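These notes concern the structure reproduced below.
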Amino acid sequence: MSTAVDPIERYSRQVRFPMLGEAGQRKLMASRVTICGCGALGTVLANHLVRAGVGNIRIVDRDFIETHNLQRQILFDEQDVADNLPKAEAAARKLRLINSQVNIEAVVTDIDHTNILDLVADADLILDGTDNFETRYLINDAAVKLNKPWVFGGVIGSEGQSMTIRPGITPCIRCVVQDNPPPGMTPTCETAGVLGPAVSVVASFEAVEAIKILSGAYDALNTELFVIDIWDWTFRRLKIKNLLGKVDCPCCQQKKFEWLEGDLGSHTTTLCGRNAVQIATRRSEKLNFAEMATRLNSLADVRHNAFMLRFAAEGHEFTVFPDGRAIIKGTNDISKARTLYAQFVGN
Amino acid sequence: MPVVRIPTPLRPHTDGQDSVESTGTTVGEVLGNVGTKYPALKERIFDDAGELRRFVNVYLNNEDIRYLDDLATAVAANDEVSIIPAVAGG
Ligand SMILES: [Zn+2]
């Protein structure tokens, strides 16, 4: 290893960009970000920020990698699928190879009202790599309560949206999207498909907003709802700035944090369009996978590593995480999934 | 005539069209007249009391109507009314 090389040297090409400069770069290197969700948007976000030298990055994701993710989730490969790695862990491994100067923390968990504050409390910025509005409302409540900026991004098909939220300065997500749209109004990536380039465009807009916020370039931030369709080449900036204070927002105006308090939302949920149910539990003691594998050894194909245990039973594929949470594929029926969980995993 | 832009998930209710011409001098009239022609669309954007559903955002040109005059916002002949649902995926 060479010595006495200024760690900033590797960023010389972006330091030369005058709006960032060396002072901006040093701020990025001293920053801390939480990326919520590490799927399509999250992998692109994490890739940009780690390469740009944002100093401390926490990546939170509840899911494992499947082959159909590889079309757009840029940090993963076929070996990660074969190794049964959770997304957050696989992303962290790849990112550490990309930039060893960045402190990367992988957290494999379902973001909910019990853990969101801990996950974002020390962050300068929260980034949205999620695929659902329940989690976004939770991020929004936490961000407004703790007065932290966050950047929303959503993508479906060839369409995407993004918005930068600074509590008290811009409208929050509940000012703009007042209610969680029901199925049928917002198709999911599983039903409507999604193009990798659409993800990259939206996540790249989020990433550049992140670089502006962390380097202090607040005047350059997006203050509108950005809406793009990369297929039919439309690009709109919808004016929403004046909604601040105009809408009697439960979150940023009334300071009622209904999602954070757990009044709204559930975490045992069907994973829309995937024919799968997530069973949410949180145990104080970690599951002993070796013991479970022995108990389940009459079943087909029981495999486990440090991050998950997987087996097949009664035509369903079970993926169990150390905290007891499980994803059961092959059903959309929550009560059936609970029964299967009780039967094979335990209570 | 004012034009109403239909988002992708609602196009099955407008025979696949991405925009529909309408008549009226307010946002409420313009959307109401499209809704008369396409009742399945009306059901998705208005509730039983005739109010916009809370997850439906409507823009006159590029302005959110909630800081204008909501459904009473005046519409000129060459204006564009857009229904823009939030994009949830990622
Ligand atoms: Zn608000």
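All of these numbers come straight from a predicted model, not from anything done at the bench. Convention: sequence-line order gives letters A, B, ...; per-chain numbering from 1.
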Side-chain (Gln161(A)) to main-chain (Pro85(B)) donor-acceptor, under 3.5 angstrom: yes
Side chain / backbone / both / neither for Arg237(A) at chain B, heavy atoms under 4.5 Å: backbone
Polar side chain donor-acceptor pair, Arg66(B) to Gln178(A), under 3.5 angstrom: yes
Working for side-chain contact (heavy atoms from CB on, under 4.5 Å), residues Leu225(A) and Tyr59(B): CA-CA 11 Å; Leu225(A) 175 64; Tyr59(B) 295 84; 3.6 Å; yes
Point-to-point distance, once rounded to the nearest 0.5 Å, from CG of Asp229(A) to OG1 of Thr8(B): 6.5 Å
From CG (Asp64(B)) to NZ (Lys241(A)), nearest 0.5 Å: 13.5 Å
Region of Asn242(A) in contact with chain B, defined by heavy-atom distances below 4.5 Å: both
Minimum-distance pair of heavy atoms, taken over all atoms of Tyr67(B) and Ile240(A): CE2-CA, 4.4 Å
Ile84(B) and Arg236(A), any side-chain heavy atoms less than 4.5 Å apart: yes
Structural part of Val199(A) lying under 4.5 Å from a heavy atom of chain B: neither
Glu43(B) atom CD, neighbour heavy-atom count above 12 within 6.0 Å: no
Part of Lys246(A) lying under 4.5 Å from any heavy atom of chain B: side chain
Closest heavy-atom pair and its distance - Val87(B), Val155(A): CG1-N, 3.2 Å
Test log, rule side-chain contact (heavy atoms from CB on, under 4.5 Å), inputs Val176(A) and Asn57(B): CA-CA 8 Å; Val176(A) 178; Asn57(B) 288 356; 3.8 Å; yes
Structural part of Asn61(B) lying under 4.5 Å from a heavy atom of chain A: backbone
Segment of Cys38(A) engaging chain B (4.5 angstrom heavy-atom cut-off): neither
